[in-house]
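A quick write-up on the structure given underneath.
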Number of protein chains: 2
Amino acid sequence: MLKISELSEKTGLSAHTLRYYEKHGLINASNRSEAGYRFYTDSDVRRVQFVKTARNTGFSLEDIGQLLSIRVDKLSHSCQEVTDITRKKLVEVNAKLTELQSMQQTLELLLESCCGGPENATHCSIMEALDAGLLLDKKIAARTEQGGAAK
Amino acid sequence: MLKISELSEKTGLSAHTLRYYEKHGLINASNRSEAGYRFYTDSDVRRVQFVKTARNTGFSLEDIGQLLSIRVDKLSHSCQEVTDITRKKLVEVNAKLTELQSMQQTLELLLESCCGGPENATHCSIMEALDAGLLLDKKIAARTEQGGAAK
DNA sequence: TATAAGCTTAGAGTTAACTCTAAGGTCAAC
DNA sequence: GTTGACCTTAGAGTTAACTCTAAGCTTATA
Ligand SMILES: [Zn+2]
Ligand SMILES: [Zn+2]
Ligand SMILES: [Zn+2]
Ligand SMILES: [Zn+2]
């Protein structure tokens, strides 16, 4: 039986966060002391660790709520339900990834194009590109079209 | 001279958003009608488009504020200031990218491991992995160690 | 027994970037 | 001269996941 601070230390989640998760129905302390202190059983701890692992994997607290309801009654739920949640998350992650990769490429091109020196920015190609609506893309397209095979 | 709805249409930013940007010091309408209606000059429009482009590139409104103050007085600012802002953003983007790639890999592995079928989830390997704290990683590590060269 | 550390709750604050609402003034058209 | 679309402002609401505060018990230690 762990007190909240002990569970906090064990899981790396703050006591605040643990109470927050409880308020949102994700976890619970099986027992309370007479004074109302939370006491967590091993089973409680495992559930918290499940939440933490799912959180690290990118699932939202809402997703985790669904996963937890499957977890407590596996007989009434199917693998498909689990993969639906997982696949939905993967789709989200992939979308963000695509967006970020595009940003990354743009930022790298911008950095390549600018001298980064101490002279004034009247000639700065980053400012120019932002002013021109990033026709960097067009430059790349042109380069690719012309150059043929990359490298 | 464009009214706000016209600028909105031209830029794809809502009038709400344009007023929001103004309130936060990013843009401005050079003129107002007697009744107080905003009127935007070509120069205003270019500034708004700069903001939009920078936003699409991933810069925060705060970053954009800095870029704009460079933009209006390029003589007093250096290319280095511009690359500092850009590089800082790239570092952030790379960090998020790393995190998301790790999530992506985990989610893909989870999906591979689960049958996704309609039977009950008592044997679900996704649930098992989440319960076990994702020792998938360990499986991968083991596989990599053993297998040597990939593919 | 007193001090400090730790626990409780309800509820407010944080962050970023919007997004929307309310209450009212303006303008073009019919 | 009255609709209806558009404009104004100030300010509230949204989202997610915390994070913190206040006010007040409880518990262990000295
Ligand atoms: Zn330069
Ligand atoms: Zn430059
Ligand atoms: Zn299965
Ligand atoms: Zn399964």
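Every chain is numbered from 1 and lettered A, B, ... according to where its sequence line falls, protein lines coming before strand lines. Heavy atoms only: backbone and side chains are in, while hydrogens, waters and symmetry mates are out.
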Nearest whole angstrom, please: distance from the [atom2] of [N] to the [atom1] of [X].
| X | N | atom1 | atom2 | value |
| --- | --- | --- | --- | --- |
| Y37(B) | dC7(D) | OH | P | 7 Å |
| K52(A) | dA17(D) | NZ | C1' | 16 Å |
| K3(B) | dG25(C) | NZ | P | 19 Å |
| F59(B) | dC18(C) | CZ | C1' | 20 Å |
| H24(A) | dG11(C) | NE2 | P | 14 Å |
| K89(B) | dA16(C) | NZ | P | 11 Å |
| E22(B) | dT9(D) | CD | C1' | 11 Å |
| L18(A) | dA17(D) | CG | P | 16 Å |

Selected nucleotide, minimal atom distance to [X] side chain, candidates [options]:
| X | options | result |
| --- | --- | --- |
| A35(A) | dC27(C), dC7(C), dT27(D) | dT27(D) |
| L61(B) | dT27(D), dG11(D), dC18(C) | dC18(C) |
| K23(A) | dG11(C), dT8(D), dA17(D) | dG11(C) |

Does [X] put a side-chain nitrogen or oxygen below 4.0 Å from OP1 or OP2 of [N]?
| X | N | result |
| --- | --- | --- |
| R38(B) | dT9(D) | yes |
| Y21(A) | dC18(D) | yes |
| R32(B) | dT9(D) | yes |
| S5(A) | dA5(C) | no |
| Y20(A) | dA16(D) | no |

So what does [X] hit on the nucleic acid, given a heavy-atom distance under 4.0 Å: a base, only sugar-phosphate, or nothing?
| X | value |
| --- | --- |
| S60(B) | sugar-phosphate |
| S14(B) | nothing |
| F39(A) | nothing |
| R19(A) | base |

note = Per nearest nucleotide of DNA chain D, the residue lying toward the 5' end, S33(A) or H16(A), is H16(A)
query = For the atom pair CG (L130(B)) and CG (L110(B)), what is the distance rounded to the nearest 0.5 Å?
reply = 6.0 Å
request  = Please say which of R47(A), R71(A), R46(A) ends up in a salt bridge (charged side-chain N to carboxylate O under 4.0 Å, His left out) with D131(B).
outcome  = R71(A)
query = side-chain hydrogen bond (donor to acceptor under 3.5 Å, both in side chains) between N56(A) and T53(A): does it pass, once the steps are laid out?
reply = CA-CA 5 Å; N56(A) 289 341; T53(A) 300; 5.6 Å; no
ask   = Is there a side-chain contact between S102(A) and E99(A), using heavy atoms and a 4.5 Å cut-off?
value = no
query = Do Y20(A) and H24(A) have their ring centres less than 6.0 Å from each other?
reply = yes
message = Checking side-chain polar atoms at under 3.5 Å, does S14(A) have a donor or acceptor matched by the opposite partner on T17(A)?
response = yes
